[in-house]
Participant: 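This is the structure I want to talk about, given as structure tokens.
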Amino acid sequence: MSALVSIFDITLIVDTICQSLFLHDIQACRQVNKQWSSLFKLHLWSHLKFPSTTTLAHDKIATILDHKHWIRSFTIAGQHIEKISAMGFTHLQELVLYDQNFECSVNYDPVPLDAIVSLIDSNVDLWNLGIDLNRCQYQHNYQPRELSPALMLAIARHPSLRRLVWHVLDGHDNQVFAKCLLYVCQQRQIQELYVFSKEHVHPYCNICDGGCSLAEYYCYPFSLDDEGYLNRLPGLRELKQKVEETPVEQMGSFAFRKLQLTFEFEECYIPLLKSCPDLEEISIDLSGEHGDQAMEVLAGCPTLRGLDLRRGRFDMDYAREVRRFSQLQTVQLPHVSKEQLQVILDSLRKSSQETLEVLCLSLSASPKDVVSIFGSFPNLKEIDFDSVRIYTRDDSGSNSGAYVPGAEDRTLGNCIVRDWDPSQMYRWDETMSDWWDHWTRAKQFMRAISSVYVQESYESVLSPICMRYMYPIKEFMSEKDATDYAKGTGAWARSERRALTVADAKRMADAQQEKADQRIEWRNRKNAQNQVGEQEPEGLGFNEYDEVAVDEPARE
């Protein structure tokens, strides 16, 4: 009798399956049994992140090269791009170029353009490209660089690119930039385009250190008129001529399914909306004088299922706008009064009651409103408050990583699930005390929802829910700093290895505030007494920046 053979014994099948899986899916597969754990282990190398806090030493480079065959996705900080490019990757499917510690990572020389372009050009199967580089890459020593034109050319000639995410610095994403980008996306049939502007990003400013990096978010305007660019970049002059000769309405049909544009939506972009027959989700600036015209066009789009109204005009009738559409699945609303929210929800009930799955609101909604919303929309899966997300639990009852109403707080990992997204480049505040205040308010909100939910469930049948606090503690303190502090103060034993708890966060918040108070007191005393020789106290040695260790493959 022959032994049973699983299809997973055939290595090529496992390889093919893993090419379509995310990292968390691969990790889940490894939990099935020992055989699957061994089969899927190497595929943990498929997605690698190398932030600015990582050092690519020779041994790490050698390890990467040993596992080169398995790597499909790279998320790499600016200072590592040249080394990764030199490794000769040719089978990447996803590439994200970013600077993690945005405010403090500009102290290195800009990446050579040929390294960036070569990394894109060499990977002909690349379908997802993310760009989030700081001002150092766009201009150096107050001189503009040809990064954007070079990237435009690379996108225009890439054979397989289908998704593009570009975080553009303030002042750089002008009308010329928009038109050129739309032209190259139309030529390559890009299906997903996300353009984010750093215009509204809060600048880093530490009151204790007195530093402010507002200038780090500004860049020279995009231009195709520089003769130096035109001479140095083959094909740029021809691209410039085609862009100038082709208005948006003559660009033909776009393949966009998902579109997010944060630059001001001018009248010249209205033809763009008319040329997207397969558009499913859109987020554009509707605050200008052409917002109503854009909504009229979108209302005629039969495939539209996701609508973002967060950047509408202050006098926009949101209830009327959502009534224009039927079968919406995702709706994002701006901050509105409680009365306005009720009117908008009534409109959604009439137009998309059976199809709505995700609703994004501001925290101004009351807990009773939240429970009522879940009861009104039978297929609603999520309400997103940005810092707090509320989900309906699936049939399996899985609520991994969730804040379950009434559960005891044990570890931060049980409450906070969103990892720091380097592409957001967004800080609410700067201290652990501020984090603690946000967490406290969010927890009160979740508890209030839990209380109302229990009361309402006695009168009607409600879907089980779970809640997650989404704002990461790593935004305020690195894991290493937190661990060193906890061990140094005796909160943890020297040999102990465990997750951070909420109680640890509170202790760190108090200690960090004490350190800040010490600095302010010392500076005030120094200014008052003019004591030149006095030294600033070392305090507790916290790192004021948010550093995140490299996401390496899980170890056995």
Participant: Would R145 and Q139 count as having a side-chain donor-acceptor pair, cut-off 3.5 Å?
Facilitator: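 Checked: R145/Q139 side chains show no N/O donor-acceptor pair below 3.5 Å.
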
Participant: Given 3.5 Å as the limit, does a donor-acceptor pair link the side chain of D308 with the main chain of I282, or not?
Facilitator: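 Checking the backbone N and O of I282 against the side chain of D308, no donor-acceptor pair under 3.5 Å is found.
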
Participant: Could you pull out the closest heavy-atom pair between C276 and F256, with the gap in Å?
Facilitator: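 Heavy atoms of C276 and F256 come nearest at SG-CD1, 3.9 Å.
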
Participant: Measuring from atom CZ of R389 to atom NZ of K381, what distance do you get when rounded to the nearest 0.5 angstrom?
Facilitator: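 Separation between the atoms: 15.0 Å.
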
Participant: List the atom of A150, the atom of L233, and the distance in Å for their closest heavy-atom pair.
Facilitator: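 Closest pair (atom of A150, atom of L233, distance): N-CD1, 3.8 Å.
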
Participant: Say you draw a straight line from CD1 of I155 to CD1 of I120; how long is it, rounded to the nearest 0.5 Å?
Facilitator: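 It comes to 7.0 Å.
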
Participant: Given T330 and L307, is the side chain to side chain contact (heavy atoms under 4.5 Å, CB included) satisfied, shown in steps?
Facilitator: CA-CA 6 Å; T330 301; L307 182 63; over 6 Å; no

Participant: Of Q191, E94, E192, which meets side-chain contact (heavy atoms from CB on, under 4.5 Å) against R163?
Facilitator: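 Looking at Q191, E94, E192, the match for R163 under the side-chain contact (heavy atoms from CB on, under 4.5 Å) is E192.
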
Participant: Between CD of E382 and CD1 of I465, what distance do you get to the nearest 0.5 Å?
Facilitator: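 That separation rounds to 12.5 Å.
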
Participant: Donor-acceptor pair, T90 side chain versus S122 backbone, under 3.5 Å?
Facilitator: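 Not confirmed, T90 side chain does not pair with S122 backbone.
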
Participant: Does some side-chain heavy atom of L361 sit less than 4.5 Å from a side-chain heavy atom of D384?
Facilitator: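 Answer no - side chains too far apart.
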
Participant: Whether the side chain of N134 engages the backbone of C136 through a donor-acceptor N/O pair (distance < 3.5 Å, no angle test) should be reported.
Facilitator: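 Confirmed, N134 side chain pairs with C136 backbone.
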
Participant: Could you check whether R311 and T262, counting side-chain N and O atoms only, form a donor-acceptor pair closer than 3.5 Å?
Facilitator: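 No donor-acceptor contact under 3.5 Å links the two side chains.
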
Participant: As an exercise, state the distance from OG of S73 to CG of N128, rounded to the nearest 0.5 Å.
Facilitator: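 Rounded to the nearest 0.5 Å, the OG-CG separation comes to 7.5 Å.
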
Participant: Start with the C-alpha distance between M87 and L65, add both sets of side-chain angles, then the distance that settles side chain to side chain contact (heavy atoms under 4.5 Å, CB included), and finish with yes or no.
Facilitator: CA-CA 7 Å; M87 295 181 187; L65 291 174; 3.9 Å; yes

Participant: At their closest point, which heavy atom of E82 faces which heavy atom of V111, and how far apart are they?
Facilitator: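 Closest pair (atom of E82, atom of V111, distance): N-CG1, 4.2 Å.
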
Participant: Please find the pair of heavy atoms, one from F254 and one from L182, that lie closest to each other, and give the distance.
Facilitator: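 Looking at all heavy atoms of both residues, the closest pair is CE2-O, 3.3 Å.
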
Participant: Do L380 and L359 come within less than 4.5 Å of each other through their side chains, counting heavy atoms only?
Facilitator: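 Sidechains of L359 and L380: in contact.
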
Participant: Could you work out, with ring pair (Phe, Tyr, Trp, His ring centres under 6.0 Å) as the rule, every residue matching Y194, not counting sequence neighbours?
Facilitator: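 With neighbours one apart ignored, the set is empty.
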
Participant: Give a yes/no verdict on a cation-pi contact between K68 and F89, requiring under 6.0 Å between NZ or CZ and the six-membered ring centre and an angle within 45° of the axis.
Facilitator: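 Flagged: K68 positioned over aromatic ring of F89.
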
Participant: Is E280 salt-bridged to R257, going by a charged N under 4.0 Å from an acidic O?
Facilitator: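 A salt bridge is present here (some side-chain N lies under 4.0 Å from a carboxylate O).
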
Participant: Can we say D121 and R157 salt-bridge, meaning some charged N sits less than 4.0 Å from an Asp/Glu carboxylate O?
Facilitator: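 Looking at R157 together with D121, the answer is yes, because their closest N to O distance falls below 4.0 Å.
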
Participant: Look only at the side chain of S362 and the backbone of H335, and say whether a donor-acceptor pair between them is shorter than 3.5 Å.
Facilitator: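 Judged by distance alone, no pair lies under 3.5 Å.
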
Participant: Where do R232 and E146 land on the side chain to side chain contact (heavy atoms under 4.5 Å, CB included) test, with the steps shown first?
Facilitator: CA-CA 9 Å; R232 287 194 296 268; E146 57 265 38; 2.9 Å; yes

Participant: Under 30°, 30 to 60°, or over 60°: which ring-plane class applies to F196 and H167, parallel, tilted or perpendicular?
Facilitator: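 Ring orientation of F196 relative to H167: parallel.
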
Participant: Side chains of Q93 and F74: does their closest heavy-atom pair fall under 4.5 Å?
Facilitator: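 In short, these two side chains do not touch, never coming nearer than 4.5 Å.
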
Participant: Is a side-chain donor or acceptor of N174 paired with a backbone partner of F177 at a separation under 3.5 angstrom?
Facilitator: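 The answer is yes, because a donor-acceptor pair under 3.5 Å joins these two groups.
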
Participant: Kindly say whether I81 contributes a backbone atom to a donor-acceptor pair with the side chain of S85 at under 3.5 angstrom?
Facilitator: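 Not confirmed, S85 side chain does not pair with I81 backbone.
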
Participant: In Å and rounded to the nearest 0.5 Å, what is the CG to CG distance from L119 to L95?
Facilitator: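 If I round to the nearest 0.5 Å, the distance is 5.0 Å.
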
Participant: Can you name the residues that form a ring pair (Phe, Tyr, Trp, His ring centres under 6.0 Å) with W127, not counting sequence neighbours?
Facilitator: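 Scan of W127 (ring pair (Phe, Tyr, Trp, His ring centres under 6.0 Å), adjacent residues dropped) gives none.
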
Participant: Should Y183 and L239 be marked as a side chain to side chain contact (heavy atoms under 4.5 Å, CB included) after you check the CA-CA gap, both sets of side-chain angles, and the distance that decides it?
Facilitator: CA-CA 9 Å; Y183 178 81; L239 176 63; 3.8 Å; yes

Participant: Indicate the atoms forming the closest heavy-atom contact of I390 with M467, along with that distance.
Facilitator: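 Looks like CG1-CG, 3.7 Å.
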
Participant: Ring centroids only, cut at 6.0 angstrom: are H172 and Y138 within range, meaning strictly under it?
Facilitator: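 Judged by ring-centre distance (under 6.0 Å), H172 and Y138 do meet the cut-off.
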
Participant: Between atom OG of S197 and atom CG of D173, what is the distance when rounded to the nearest 0.5 Å?
Facilitator: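 The distance works out to 4.5 Å.
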
Participant: Mind listing the closest non-hydrogen atom pair of I190 and L161 along with its distance?
Facilitator: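 So the minimum-distance heavy-atom pair works out to CD1-O, 3.2 Å.
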
